[in-house]
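These notes are about the structure you will find just below.
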Amino acid sequence: MKKVCNQSARKSACKPARCGFVFAFALVLAAAVLFTGCGSAGSDTGGSAGAAAGNSADITETADFANDPPKISGLTYESSMKPSYAEGFDIHYYSDGYAVIDVRQGQQYLLVPEGEAIPKELPKDMTVLQKPVQNIYLAASSAMALFHAIDALDQIRFSGTDQNGWHIEAAADAMKDGRIAFAGKYSAPDYEALTIGNCGLAIESTMIMHSPEVKEKIEELGIPVFIDHSSYESHPLGRTEWIRLYGVMVDKEAEADAFFAQQEQILADLEGLENTGKTVAFFFINAAGQVCVRTSSDYIPRMIELAGGQYVFDDLENTESKMASMKISMEQFYEKAADADYLIYNAAIENPLRSIEELEEKSSLFREFKAVKKGNVWTTDKYMYQASDLTGEMIRDIHIMLTGGSSDEMTFLTKVE
C-alpha cells in the first residue's frame, strides 16, 4: 500500500524578500479553491524527511501516482509526496535520505545524498543525480524564477539564455557579475565550457526533444540531463509547484515548501474573485501576419478564468501537435475575437504594443474590434513568461483589468492608448 506524506507541512518562516508576493498569490489561490478545493488533511506517515500532515498535498492511501514507487536494492521505501496542483511529477522518499523524482513522462531521477553510495542495481533508464547538485546548466528559462525564489541561484553556473535575454533582475545581475556564464542556447551548448566548468546537471525544457543529438552528447560527457515538463501543466499553480521538485533537488525543500505553503495558508482568509463574464482574447501577430493564440487547455485561458473572465477561444484544440499555441489567420481571429471585451497582446516573443495605431498597422481589421473601439486593449511585458513564481500577480492583473482598474496597480499588464 502506498503511503503519502504532506511534505509542504514542513514549513519555515517566509523570507522577507519573498513575503511581498503573498497578496498576489492569495488571489490566485482563492480563485483556485473555487475550482479544485483544498487538499485533504491526513496523518503523519513518517519518512526520512520527517513529513507531517497538512493541507498542501493530497493525503490518501491510494494516491494516483503515474508509477508505483520504484524498488531499489538496498533502500527502503518510506513515503511519497503527491503535489496539490502539478500533474507532472511525484516525489518518493527512501531510507538514508535518498529520493526519487518521478516525472510523469517516463523519467525517473535518483537523488543520492552526499557521501552515500549509488545503489548497485537500479531500475532501467533511471538517472542518478549525485548531491549536492551544483554547477547547473539551466536551459529551461522558466525554472530560473523558481531557483531565485528559494535562494538557489548560486547552484546555477551556466545559462542557456544570455544576459540580455533575462528579465529576472537577479539572473541578469548574476551573469553581469560572472557568477552565471552563458554556455550557449539549448540546441547549441558550449560543451567545452560545461566540461571545464564541472557541470553537474543540465536542466532542459521540452525543446531539447527536438534536438536529441544534443541531449545524447551532454550525457556522453557524463552530465545528467533533467527535462522540465512544467509547461505542460494546465493549472497555473501547477507550473509554480515545480518549485517543490527543485527544492528537493538542491536541498532547499524547506524553503520551497514554505514559499508554496505560505500562499495556501492565506486561502482560508479569502473569498472568491468576482465573476465578471467579460470575454478576453490573448494573442500576438507574428512576422508572417498570422495570429498566435493559446489553445483552450493551456494555462493562460485558465488564468483568465480564475481571474473572472472568459477566454474567447474556449474550444480551440491543436490537432497537429501538443503545442499550447496555434497559428490562425487574421480572418479566423476576427471571427472569434471581434466582439471580445478585452484584447491582451502577448509580448513574450514580440515587443509590447506602444499604441493602438501600431496594432492597427498589423491589420486594418483591428479598427472594427469592440475592444479597440472602447479602449480596452492591453499588452503584457516581456517579463511575464519568465516569472513562473509570480503566477498570482498575472491573474491579479487580469482581474484588475476586468474590473476597471488602473495599470498603476498591475505588475505585468499595461493599457495601450
Side-chain angles (χ1 to χ4, degrees), residues 2-12 39 45-52 54 56-58 63 65-67 69-70 72 75 77-105 107-116 118-119 126-134 136 138 140 142-156 200-203 224-230 233 237-262 388-389:
K2 308 182 189 76
K3 296 183 291 181
V4 182
C5 61
N6 184 348
Q7 304 297 325
S8 275
R10 296 173 304 191
K11 32 186 138 161
S12 61
T45 61
S48 59
S56 181
D58 291 335
F65 296 121
N67 303 293
I72 302 175
L75 300 183
Y77 166 72
E78 294 187 342
S79 61
S80 294
M81 182 270 284
K82 183 180 185 298
S84 302
Y85 303 95
E87 298 177 347
F89 71 90
D90 301 310
I91 308 291
H92 305 299
Y93 296 90
Y94 294 79
S95 55
D96 300 322
Y98 291 80
V100 169
I101 296 173
D102 189 353
V103 178
R104 299 189 183 188
Q105 300 291 334
Q107 301 166 303
Q108 292 182 330
Y109 302 85
L110 175 66
L111 293 170
V112 178
E114 184 175 10
E116 297 290 344
I118 299 173
M126 178 174 284
T127 300
V128 174
L129 302 182
Q130 187 77 56
K131 299 175 79 171
V133 180
Q134 296 177 326
I136 293 171
L138 188 63
S142 63
M144 182 66 84
L146 304 182
F147 276 84
H148 175 43
I150 56 176
D151 295 329
L153 288 190
D154 58 348
Q155 289 173 270
I156 297 172
L201 174 66
I203 299 179
V225 175
F226 178 86
I227 301 178
D228 181 302
H229 289 268
S230 62
E233 298 290 351
L237 273 185
R239 300 178 75 240
T240 304
E241 197 166 11
W242 280 67
I243 194 171
R244 301 174 70 194
L245 181 154
Y246 291 119
V248 174
M249 183 182 291
V250 299
D251 285 331
K252 294 278 188 175
E253 191 171 2
E255 291 86 343
D257 286 349
F259 182 83
F260 201 78
Q262 182 75 16
S388 55
D389 60 330

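Positions are given from 1 along the sequence. Because only heavy atoms are used, hydrogens play no part in the values below, and waters and symmetry mates are left out as well, while side chains stay in.
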Do the side chains of Tyr109 and Met249 get nearer than 4.5 Å, heavy atoms only?
-> no

For residues Ile243 and Phe259, report the shortest heavy-atom separation together with the two atoms involved.
-> CD1-CD2, 3.6 Å

State, with a plain yes or no, whether a side-chain heavy atom of Leu146 is found less than 4.5 Å away from one of Ser230.
-> no

Residues in side chain to side chain contact (heavy atoms under 4.5 Å, CB included) with Pro132, at least two apart?
-> Glu114, Gln134

Mind listing the closest non-hydrogen atom pair of Pro69 and Ser80 along with its distance?
-> CG-OG, 4.0 Å

Going by heavy atoms in the side chains, are Pro83 and Asp90 under 4.5 Å from each other?
-> yes

Nearest non-hydrogen partners of Glu78 and Ser95, listed with the distance = OE2-CA, 3.7 Å

Only one of Lys252, Arg244, Met81 passes side-chain contact (heavy atoms from CB on, under 4.5 Å) with Asp257; say which it is.
-> Arg244

Tell me, do Tyr94 and Asp96 make a side-chain contact under 4.5 Å, heavy atoms counted?
-> no

The side-chain hydrogen bond (donor to acceptor under 3.5 Å, both in side chains) partners of Glu233 (sequence neighbours excluded) come to Trp242

Straight-line distance of Arg104 CZ to Asp102 CG, nearest 0.5 Å = 7.5 Å

If the plane angle is over 60° it's perpendicular, under 30° parallel, otherwise tilted; pick one for Tyr77 and His92.
-> perpendicular

Indicate yes or no: at least one non-hydrogen side-chain atom of Ile227 is less than 4.5 angstrom from one of Val103.
-> no

Can you name the side chain to side chain contact (heavy atoms under 4.5 Å, CB included) partners of Ala143, sequence neighbours left out?
-> Leu138, Phe147, Asp228, Tyr246

When every non-hydrogen atom of Met144 is compared with those of Ile156, the smallest separation belongs to SD-CD1, 3.7 Å

All side-chain hydrogen bond (donor to acceptor under 3.5 Å, both in side chains) counterparts of Gln130, not counting sequence neighbours = none

Gln107 atom CD, neighbour heavy-atom count above 12 within 6.0 Å = yes

Taken in chain and number order and not counting sequence neighbours, the residues that satisfy side chain to side chain contact (heavy atoms under 4.5 Å, CB included) with Pro224 are Thr127, Leu129, Leu201

Working to the nearest 0.5 Å, report the span between CD of Glu241 and CD of Glu87.
-> 10.5 Å

Smallest separation among heavy atoms of Ala99 and Tyr93, with atom names = CB-CD2, 4.3 Å

Ignoring hydrogens and geometry, is there a side-chain-to-backbone donor-acceptor pair from Gln155 to Val133 under 3.5 Å?
-> yes

Please list, chain by chain and in numerical order, all residues satisfying salt bridge (charged side-chain N to carboxylate O under 4.0 Å, His left out) with Lys131, sequence neighbours excluded.
-> Asp251

